[in-house]
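Residues take their numbers from the sequence shown, with the count starting at 1.
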Amino acid sequence: TVHFVKGLEFPITFCPLLWEGPRQDASRRKTARAVRFHAPAGAGGKWEPVLDLGSPDFDAHQEMARAEDLAERLRFAYVALTRARNRCYIAVGSIRGYGESPLAYLLHQPAGAEDPAAAVAEKVKALTDEALVDDLEAFARAAGAAAVSVEPLPAAGDVFVSRDARDRQMDQHDDEG
């Protein structure tokens with residue numbers, strides 16, 4: 001698990017579940033009767049855990065809890081994504097909850113949004129499958145060809161061959177012919 005590999009490095013890593021959204025879906029958050037979050041505890045930058053069971057500030061506290069949850073999931077994603085020495089594979093797609101995932105927050109953030117998390121969720125929700133691929137390919141171009149590659153997942157039973165490996169195979173074939 002990601003928690004146990006903090007500080008370690010591997011030649012290749014697979015992070016297939018970074019597309020997951022929050023621990024609670026939006027419908028459950030709207031009907032929640034309690035919310036847990038951390039609030040400033042005076043001087044010294046300390047924070048204390050708070051359980052709100054329905055105060056007048058409940059809605060604001062839910063937003064604080066949502067932001068805190070996203071921050072924790074972003075830290076988790078950072079650890080997962082930075083364990084690879086040579087290559088890291090992630091899976092992205094039109095999956096329920098993806099718009100609220102840390103991966104979507106990193107890959108689809110619109111510039112200048114007042115509430116980036118909400119802007120990402122709205123943007124991803126509106127993307128068709130083709131537009132999602134276009135958005136990811138734009139991210140890859142901005143990152144540089146050596147840094148990010150967008151590849152379709154193979155169909156069941158197919159063998160995955162990366163674009164780099166296909167290019168090497170084609171070069172070898174051209175050299176032989």
Side-chain angles (χ1 to χ4, degrees), residues 1-27 29 66-177:
T1 68
V2 174
H3 292 290
F4 293 112
V5 298
K6 191 172 182 179
L8 300 177
E9 229 180 32
F10 303 94
I12 299 172
T13 62
F14 293 85
C15 303
L17 300 177
L18 292 180
W19 50 261
E20 289 183 316
R23 291 176 185 94
Q24 260 191 0
D25 66 20
S27 62
R29 284 194 306 269
R66 184 181 65 85
E68 191 175 307
D69 181 60
L70 177 60
E72 178 62 23
R73 290 182 298 114
L74 280 165
R75 285 188 286 276
F76 184 82
Y78 170 81
V79 170
L81 292 169
T82 58
R83 299 306 92 202
R85 189 175 317 122
N86 302 324
R87 187 168 291 213
C88 176
Y89 290 92
I90 60 173
V92 175
S94 298
I95 304 162
R96 191 177 104 198
Y98 173 62
E100 292 182 286
S101 72
L103 197 55
Y105 187 85
L106 295 171
L107 299 176
H108 304 285
Q109 197 171 111
E114 190 173 310
D115 180 353
V120 167
E122 284 300 312
K123 178 181 178 179
V124 170
K125 186 177 183 181
L127 292 174
T128 63
D129 289 345
E130 293 78 19
L132 178 63
V133 170
D134 290 345
D135 206 41
L136 292 170
E137 287 177 342
F139 178 87
R141 282 190 302 277
V148 177
S149 174
V150 177
E151 303 281 346
L153 288 174
D158 287 352
V159 174
F160 176 75
V161 179
S162 73
R163 185 175 295 156
D164 293 341
R166 278 194 308 264
D167 290 347
R168 284 192 303 274
Q169 288 173 348
M170 293 301 286
D171 290 344
Q172 285 175 344
H173 179 58
D174 289 346
D175 291 344
E176 293 169 2

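Between atom OH of residue Tyr98 and atom CH2 of residue Trp19 there is a gap of 11.5 Å, rounded to the nearest 0.5 Å. To the nearest 0.5 Å, atom CD of residue Glu100 and atom CZ of residue Arg66 are 7.0 Å apart.
The side chain to side chain donor-acceptor pair (under 3.5 Å) search around Glu9 returns Arg85, not counting sequence neighbours. Scored by the ring-ring contact (aromatic ring centres under 6.0 Å, His included) test, Phe10 finds no partners at all (sequence neighbours excluded). Residues forming a side chain to side chain donor-acceptor pair (under 3.5 Å) with Asn86 (at least two apart in sequence, or on another chain): none. Scored by the side chain to side chain contact (heavy atoms under 4.5 Å, CB included) test, Thr82 finds Tyr78 as partners (sequence neighbours excluded). Under the side chain to side chain contact (heavy atoms under 4.5 Å, CB included) criterion, Ala84 pairs with Thr13, Cys88, sequence neighbours left out. Considering only residues two or more places apart in sequence or on other chains, Leu74 meets the side chain to side chain contact (heavy atoms under 4.5 Å, CB included) condition with Leu70, Pro102, Tyr105, Leu106. Asp134 is linked by a salt bridge (charged side-chain N to carboxylate O under 4.0 Å, His left out) to nothing, counting only residues two or more places apart in sequence or in another chain.
Between Val150 and Ala140, the shortest heavy-atom contact is CG2-CB, 4.0 Å. The nearest pair of heavy atoms linking Ala91 to Leu103 is O-CD2, 4.0 Å. When all heavy atoms are compared, the tightest approach of Gln109 to Pro116 is CD-CB, 3.9 Å.
Put simply, the side chain of Glu72 does not reach to within 4.5 Å of the side chain of Glu68, judged on heavy atoms. Counting only heavy atoms from C-beta outward, the side chains of Ile90 and Leu81 approach each other to under 4.5 Å.
Each ring pair (Phe, Tyr, Trp, His ring centres under 6.0 Å) pair with one or both residues in residues 112-139, not counting sequence neighbours, would appear here, but there are none. For residues 103-113, the set of pairs meeting the salt bridge (Lys or Arg N to Asp or Glu O under 4.0 Å) definition, not counting sequence neighbours, is empty.
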I'd like a table of donor-acceptor pairs (distance under 3.5 Å, sequence neighbours excluded) in which one partner is a side-chain atom from residues 118-127, with atom names and distances.
residue: Lys123; atom: NZ; partner: His108; partner atom: O; Å: 3.4
residue: Lys123; atom: NZ; partner: Asp135; partner atom: OD1; Å: 3.4
residue: Lys123; atom: NZ; partner: Asp135; partner atom: OD2; Å: 3.4

